[in-house]
Structures are given as C-alpha cells and as structure tokens.
Amino acid sequence: MKTRWKRIFYVVMIVNLIVGLVLTIIYTVRSLSFTTFLSNFMSTVAQTAFWAFLIEHFGNVEKGIDSANRRAEGLPQLPDSAYSATPSFIRNLFSGQQNTAKPAQPTQPTPPAQPVQPVQPVQPVQPVQPVQPAAPANGNWTCSCGMINSATANFCKNCGKPK
C-alpha cells in the first residue's frame, strides 16, 4: 500500500476515534447512564482497532510483495521500518524518541591538542568604600533612614523621626 493510502487510512481512523469519543460523551450526558457510555465507548474502540488492523494488514501485504519482487530482481532487501504503516511522528510519539536520523557526514581529523597555558594568579579585590549621600539641595534634610525630606518638614516622611 502506498504512503498516500496509509495516510488516508490514518486520517480516517483518527477522525473516527475523535467523532466516536465526542458522540459517546454527548450520548452519556443526555442519558446519564454508564451502560450508554460503555456501549458507545467500546463501539468506538472496536472501530478504531479495525482501522488499525486494516492498515497493518495492508502494510504486511505490501512488505511481502515488495520483498518477493526485490528477491526475484536480486535487489537488497529494505529494513522493516520502510514498510511500517505507522507514520514516523506517531512512532516517535509512542516510543519516546525523536527522529534524530541525520545524513552521514565525513569525519574531520582532530587537530593536535594545544599545550596548556599556566594560569595567572587572581589579584585580590579592593574593598569598596561606602558612598556618602549628596548634600540635600534647597535646604532639604536627610533622615538617618536615608529619606530626603523637604526643608519645611519637621518629621521624616518615611519613618516619622523628628528633624
């Protein structure tokens, strides 16, 4: 079975599953019955399994026919992954692996290791001198908490201490 038909069957299978689950939820909410849910859900699962079986069956038939043709013509056999009915993105999703196949590139010779240069000692850091606050302009005054208050204020706006 060609890849186009595999994709069509997969789309039909996934649409069947989604529509079946949505209809199962709708019918269950309407009837409020577990038996309704169970019968509709099992029907959806059975239909999805049928489509999966059909896709796998046609994939195996294609593999057998192609393998026999290649053997008759003296061509090398293809790996099993070439006949997989499952698209690679679905296989990667369920296998927990990403498609990391990269084309083989010629390896470059590694250059010889450079000699290690001696490490220079680190100079000690000089302590930082505290910065003195600038003198307030226009007669403003600075409280011990660091707040700059206006010249007319008798108490600090931040902590409430007197001038």
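Reckoned from all heavy atoms, side chains included, excluding hydrogens, waters and symmetry mates.
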Asker: Please tabulate, for side-chain N and O atoms in residues 154-163, each donor-acceptor pair with protein atoms closer than 3.5 Å (sequence neighbours left out).
Answerer:
from, atom 1, to, atom 2, distance (Å)
K161, NZ, S144, OG, 3.1
K163, NZ, A151, O, 3.2

Asker: With distance as the sole test, does T24 use its side chain to make a donor-acceptor pair with the main-chain N or O of G20 at under 3.5 Å?
Answerer: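 Looks like yes, one N/O pair under 3.5 Å.
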Asker: Under a 3.5 Å distance rule, please check whether W51 uses its side chain to pair with a backbone N or O of I14 as donor and acceptor.
Answerer: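 Answer holds: no.
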Asker: Between atom OG1 of T142 and atom CG of N149, what is the distance when rounded to the nearest 0.5 Å?
Answerer: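 Reported value, rounded in 0.5 Å steps: 7.5 Å.
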Asker: Got a sec, which hydrophobics cluster with L21, joining ILVMFWY side chains under 4.5 Å apart, including via others?
Answerer: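 Other cluster members: L17, F34, F37, L38, F41, M42, V45.
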Asker: Got a second to check how far W141's CH2 is from T152's OG1, nearest 0.5 Å?
Answerer: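 Going from the CH2 atom of W141 to the OG1 atom of T152 covers 10.5 Å.
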